[in-house]
Student: 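Structure below; questions to follow.
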Amino acid sequence: MNTWALAYEGFAPEHEGLREALCTLGNGYFATRGAAPESRADGVHYPGTYIAGCYNRTVSRVAGQEVENEDMVNAPNWLPLTIRTGDGRWLGGDDTELSDQHLALDLRRGVLTRTFRYRDGDGRTTRVRQRRLVSMDDPHLAALETEVTPEDWSGTLTVRSALDGTVTNAGVARYRDLCGRHLQVGSTGGDVPEETWLYAETSTSGIGIALAARTRVTAGPEPDATSVASRPDWIGCDLEIPVLPGRTVTVEKTVALHTSRDKAISDPRTAARAALARADGFAELLRHHTAAWRRLWQECAIDIGGEEQRVLRLHLFHLLQTLSPHTADLDVGVPARGLHGEAYRGHVFWDELFVFPLLNLHLPETARALLRYRWRRLPQARAAASAYGLRGALFPWQSGSDGREETQRLHLNPRSGRWLDDHSHLQRHVDIAIAYNVWQHYRTTGDLGFLAEFGAELLLEIARALSDLTAYDSHLGRYVIRSVMGPDEYHDGYPDREAPGLDDNAYTNVMTVWVLQRALEVLEELPEAGRRQLSERIGLTRAETARFACIAARMRVPFHDGVISQFAGYEDLVELDWTAYRDRYGDIRRLDRILEAEGDTCNRYRASKQADVLMLFFLLSKEELTAILRGLGYDHHADDPDLIPRTVVYYLTRTSHGSTLSAVVHAWVLSRTDRTSSWRFLCEALRSDIDDTQGGTTAEGIHLGAMAGTVDVLIRCYTGLAAQDGALRLKPSLPDELAHLSFRLRYRGHRGIQLDIDAAQVRVAVPPSSLSPLEVQCRGESTHIPPGSDRTLPLRYPPRTRPRQR
Ligand code: BGC
């Protein structure tokens, strides 16, 4: 099996959207779905090109209300290329005319190859092979090479290559009642027929987008004629090429893309045309593009063998296409669904929590830039906190261009057809995710400059808002946090309470304690002058930090039946008859929609969409959690060795996994107690997108958090890898199904550290450099490995007690 390839045979209209999403090519700056070049949005195909951070805002009227939404814009389509054989019809629109279709994504080189045969209405048969790339070398370039071979005819082959600004955002059926037109097309033109350009602007954000294209015959006879047709929103050039049977004609389309958000340009149109003029032909572009991918794979290599290996590569591939080294120079966040489709409108959620660990270990500059995205939006987050009467910064649940809250206030249940109130903006834990990422980035990179420059400010402002979110309940003698939602989106309120929100979501409360403790620690870490200046600048007082400490000692954590309660009052909810619902509906991952359509609500039941309490065991080690609980005076629970395993089992049986993030978290939390189940969950998370397990959602964009999360489970969870006082700590415990695991990472300046782990040993090789030796702590022993050398450390496993199973 080729673990570097994703291949599809034939054509299946029902799977086309999924294939397009999974065959997306991108470079962190922009990405283009793997749609056929001759296709248009027709319900089966959906060509889409998305530029990182390119958003636009529109107002629509639904259910009698005006709703404003900000969307990641479907940019003008650069792909269109079609052919006409003789005087027949243009290829496109009727897939039954095509045979022997084959689509292959080369993950190593980032090249999508498509081959097919085309039989026109007059019986002429033509073979076509197309290769495309979105350059990882130069983020403003893309190219499409098309080889056409007439099998049994001679005459005129006409190739039409276009730039299409008529596109709209129409990729998600649920949003089609909402306004999807974001582009105002300005102009088109070109000096010679082979070179055309199109300029468009987004309607409210005013982002200028320019595409310039060159279409040329690079092998085969010169065209007899070339002509251009244009409108302000579309421009195409036709090449009429005399062809003979068996003689292949090669046509190359090279495209440059710039927007007015780019640095070092005068205007996007001039920039795109100049970039195109400088651009090489396909072969050279491919050479540089492949070399850029080679460098990336060298740094991000991971090897586990088997079918999982291929999916892992696919996940890393899409992660690197969404967040690449080019991202480090952009003002963008982590789009939950990649640059691969329009689900969630390209918004940025807490999902970065699942993405950062990998970036910290592979592309720390990119991770830093993504934290900058948050930092730049502090003024908006401060305003949001202030609107609630809080100090500090309250980041939005969904973020886009300027960091205001982008969460929709109404959402459609496609099952019932009803538009419903959406309270998901009450997920204040997004602040926790950002603070956690700041701390982890600092711990992994040891970059004190980052902390001093902006990391500490972010973390402290978040700590302030979380601290102000708490209230002291004198009856309980504890601090509480009211009216929030946890990660489990099925519960947005109490069944008998009008106002939305839940009290004392355990995840939010415990992690708030953790954030407040880190805030105090950060103040300690900063040099005296830096601490003073920062506190003065943001007006942080001693009284406030003293309050941090009080809260961190008296926060409420609810418990019931010997487990941590998801929120206060959870025990009053009724049990769901899971078997009955599974029997009736089969797939109950979207139990919320099922119950709502029945006139019921998840709020009545002990039924979760995804890991909520269990997030605590995902983010904190047993020791950290125990210390927090003990610090809060919950000694009885902290000392209970079964608290964690009992809580895991309790919620595991009450979770529908309606989010792909859930399987990742479960793979993690089960890894020490039930490695077989952990592996099963990891495999499930690996299937999320390739098998579209959430039923039709991948076509609307990949699930970036789950993709990154699966790789992270291997790299950090099964290896116990963590940054510990500058050393790299390892505590491997591979599932029985995993015979070996090899990968590379970057740590504290060492680039390309190689780890090879199996049940018996771990080998660590440190690449040559002038850095100090790398300290590795493995199973309690510390080893210093000088650059340019390696060490093999034995692992002593307890004898296997479980039979091997698959
Ligand atoms: C999940 C959230 C997630 C969002 C975006 C939702 O289905 O419940 O946790 O942030 O998708 O991926």
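Computation of the quantities below employed the complete heavy-atom set of this structure, encompassing side-chain atoms and omitting hydrogens, waters and symmetry-equivalent molecules. Note that the structure is a prediction, hence the values are computed from the model and not measured.
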Student: Just do the side chain to side chain contact (heavy atoms under 4.5 Å, CB included) check on T58 and E68 with the steps written out, would you?
Tutor: CA-CA 6 Å; T58 54; E68 186 177 308; over 6 Å; no

Student: Would you tell me whether S203 and N56 have side-chain atoms, one donor and one acceptor, within less than 3.5 Å of each other?
Tutor: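 Per modelled atom types, S203 and N56 side chains form a pair under 3.5 Å.
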
Student: Distance-only, no hydrogens or angles: does the R33 side chain make a donor-acceptor pair with backbone N or O of Y46 under 3.5 Å?
Tutor: yes

Student: Decide yes or no on side chain to side chain contact (heavy atoms under 4.5 Å, CB included) for E38 and L81, but give the supporting numbers first.
Tutor: CA-CA 5 Å; E38 74 277 8; L81 189 133; over 6 Å; no

Student: Give, for atom OG1 of T254 and atom CH2 of W78, the distance between the pair rounded to the nearest 0.5 Å.
Tutor: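 Here the rounded value is 9.5 Å.
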
Student: Output the distance between atom CG (L79) and atom CD (Q130), rounded to the nearest 0.5 Å.
Tutor: 9.0 Å

Student: Going by an N to O cut-off under 4.0 Å, is there a salt bridge joining R751 and E299?
Tutor: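 E299 and R751: salt-bridged.
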
Student: Is a donor from one side chain sitting under 3.5 angstrom from an acceptor on the other, for T49 and T32?
Tutor: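 Looking only at side-chain atoms, T32 and T49 do form a donor-acceptor pair, the distance falling under 3.5 Å.
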
Student: Using the six-membered ring of W293, assess whether NZ or CZ of R109 lies under 6.0 Å from its centre and within 45 degrees of the ring axis.
Tutor: no

Student: Okay, side chain of H750, backbone of R746: is any donor-acceptor separation there less than 3.5 Å?
Tutor: no

Student: Using a 4.5 Å cut-off on heavy atoms from C-beta on, say whether the side chain of L320 contacts that of C300.
Tutor: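 Yes, their side chains come closer than 4.5 Å.
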
Student: Go through the steps for D120 and T85 under the test side chain to side chain donor-acceptor pair (under 3.5 Å), then give the verdict.
Tutor: CA-CA 7 Å; D120 71 11; T85 44; 2.7 Å; yes

Student: Mind telling me whether F317 and W297 have parallel, tilted or perpendicular rings, with 30° and 60° as the class edges?
Tutor: parallel

Student: Where the side chain of D692 meets the backbone of T697, is there a donor-acceptor pair that is under 3.5 Å apart?
Tutor: yes

Student: Using a distance-only test with no angle check, is there a side-chain donor-acceptor pair under 3.5 angstrom linking Q380 and R404?
Tutor: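 There is no such pair (donor and acceptor under 3.5 Å, judged by atom type) between the side chains of Q380 and R404.
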
Student: In Å, rounded to the nearest 0.5 Å, how long is the span from CG of L211 to CD1 of I235?
Tutor: 11.5 Å

Student: Just so I know, are the side chains of R40 and H45 near enough to count as touching, which here means a heavy-atom distance under 4.5 Å?
Tutor: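 A side-chain contact is absent here, since even the closest heavy-atom pair is not under 4.5 Å.
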
Student: Quick test of your reading of the model: are D106 and R108 salt-bridged, counting only N-O distances below 4.0 Å?
Tutor: no

Student: Working note: Y747 + T445, criterion side chain to side chain donor-acceptor pair (under 3.5 Å); need CA distance, chi angles, decisive distance, verdict.
Tutor: CA-CA 7 Å; Y747 186 68; T445 60; over 6 Å; no

Student: Any luck finding a side-chain donor-acceptor pair between Y29 and D329 under 3.5 Å?
Tutor: no

Student: In terms of side-chain heavy atoms, does E342 have a donor or acceptor partner in Y344 at a distance below 3.5 Å?
Tutor: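 Short answer, no.
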
Student: Determine yes or no for a side-chain-to-main-chain donor-acceptor pair under 3.5 angstrom, with N74 supplying the side chain and T168 the backbone.
Tutor: yes

Student: Return yes if a side-chain donor-acceptor contact under 3.5 Å exists between R313 and T3, otherwise no.
Tutor: yes

Student: Is a salt bridge present between E97 and R89, judged by a nitrogen-to-oxygen distance below 4.0 Å?
Tutor: yes

Student: Please verify the inter-ring angle class for H441 with F450; under 30° counts as parallel, over 60° as perpendicular, anything in between as tilted.
Tutor: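 Perpendicular.
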
Student: For H318, enumerate each residue passing the ring-ring contact (aromatic ring centres under 6.0 Å, His included) test, keeping only those at least two apart in sequence or located in another chain.
Tutor: H340

Student: Starting at CG of L339, measure out to CD1 of I51 and round the result to the nearest 0.5 Å.
Tutor: 10.0 Å

Student: Roughly how far, to the nearest 0.5 Å, is the CZ atom of F356 from the CD1 atom of I434?
Tutor: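 I434 atom CD1 to F356 atom CZ measures 9.0 Å (nearest 0.5 Å).
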
Student: I'd like to know if the side chain of R337 and the backbone of G701 have a donor-acceptor N/O pair within less than 3.5 Å.
Tutor: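 Between the backbone of G701 and the side chain of R337 there is a qualifying donor-acceptor contact (under 3.5 Å).
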
Student: If we only count heavy atoms from C-beta on, is the R57 to N69 side-chain gap below 4.5 Å?
Tutor: no

Student: Identify whether NZ of Lys or CZ of Arg in R127 sits under 6.0 Å from the centre of the six-membered ring of F116 and within 45° of that ring's axis.
Tutor: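 The answer is no, since R127 fails at least one limit relative to F116.
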
Student: Under the side-chain hydrogen bond (donor to acceptor under 3.5 Å, both in side chains) rule, what pairs show up with a residue in residues 271-289, not counting sequence neighbours?
Tutor: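 Residue pairs with at least one partner in residues 271-289: D191-R273, E284-R287.
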
Student: Residues in side-chain contact (heavy atoms from CB on, under 4.5 Å) with R744, at least two apart?
Tutor: Q298, A301, Q754

Student: So, R368 and D447, do they make that salt bridge, N to O below 4.0 Å?
Tutor: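 Between D447 and R368 there is a salt bridge, with a charged N closer than 4.0 Å to a carboxylate O.
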
Student: Check whether any side-chain N or O of S260 sits under 3.5 Å from a backbone N or O of G208 as a donor-acceptor pair, and report yes or no.
Tutor: yes

Student: Please work out which of the three classes, parallel, tilted or perpendicular, describes the rings of W350 and F354, given edges at 30° and 60°.
Tutor: perpendicular

Student: Run the side chain to side chain donor-acceptor pair (under 3.5 Å) check on E240 and T226 step by step: do they pass?
Tutor: CA-CA 6 Å; E240 290 173 32; T226 44; over 6 Å; no

Student: So, the side chain of D164 versus the backbone of W234: is there a donor-acceptor pair under 3.5 Å, distance only?
Tutor: no

Student: Donor-acceptor pair, R214 side chain versus L276 backbone, under 3.5 Å?
Tutor: yes

Student: Is there a side chain to side chain contact (heavy atoms under 4.5 Å, CB included) between I241 and V217? Walk through the geometry before answering.
Tutor: CA-CA 9 Å; I241 309 162; V217 176; 3.6 Å; yes

Student: Are side-chain N/O atoms of H703 and D689 paired as donor and acceptor at under 3.5 Å?
Tutor: yes

Student: Would you check if there is a donor-acceptor pair between the side chains of T270 and D267 at a distance under 3.5 Å?
Tutor: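 Indeed, the side chains of D267 and T270 share at least one donor-acceptor pair under 3.5 Å.
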
Student: Check whether any side-chain N or O of R374 sits under 3.5 Å from a backbone N or O of L370 as a donor-acceptor pair, and report yes or no.
Tutor: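 Checked: no pair found.
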
Student: Does R216 reach the side chain of V251, with side-chain heavy atoms less than 4.5 Å apart?
Tutor: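 Not touching, per the 4.5 Å side-chain cut-off.
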
Student: T710 and H315: side-chain donor and acceptor closer than 3.5 Å?
Tutor: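 The answer is yes; a qualifying pair exists.
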
Student: Output, in order, the C-alpha distance, side-chain angles, deciding distance and verdict of side chain to side chain contact (heavy atoms under 4.5 Å, CB included) for H102 and Y8.
Tutor: CA-CA 6 Å; H102 183 80; Y8 296 105; over 6 Å; no

Student: Do we see a donor-acceptor contact under 3.5 Å between the side chains of Q321 and T24?
Tutor: no

Student: I'd like to know if the side chain of Y118 and the backbone of I83 have a donor-acceptor N/O pair within less than 3.5 Å.
Tutor: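 No, Y118 side chain to I83 backbone: no donor-acceptor pair under 3.5 Å.
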
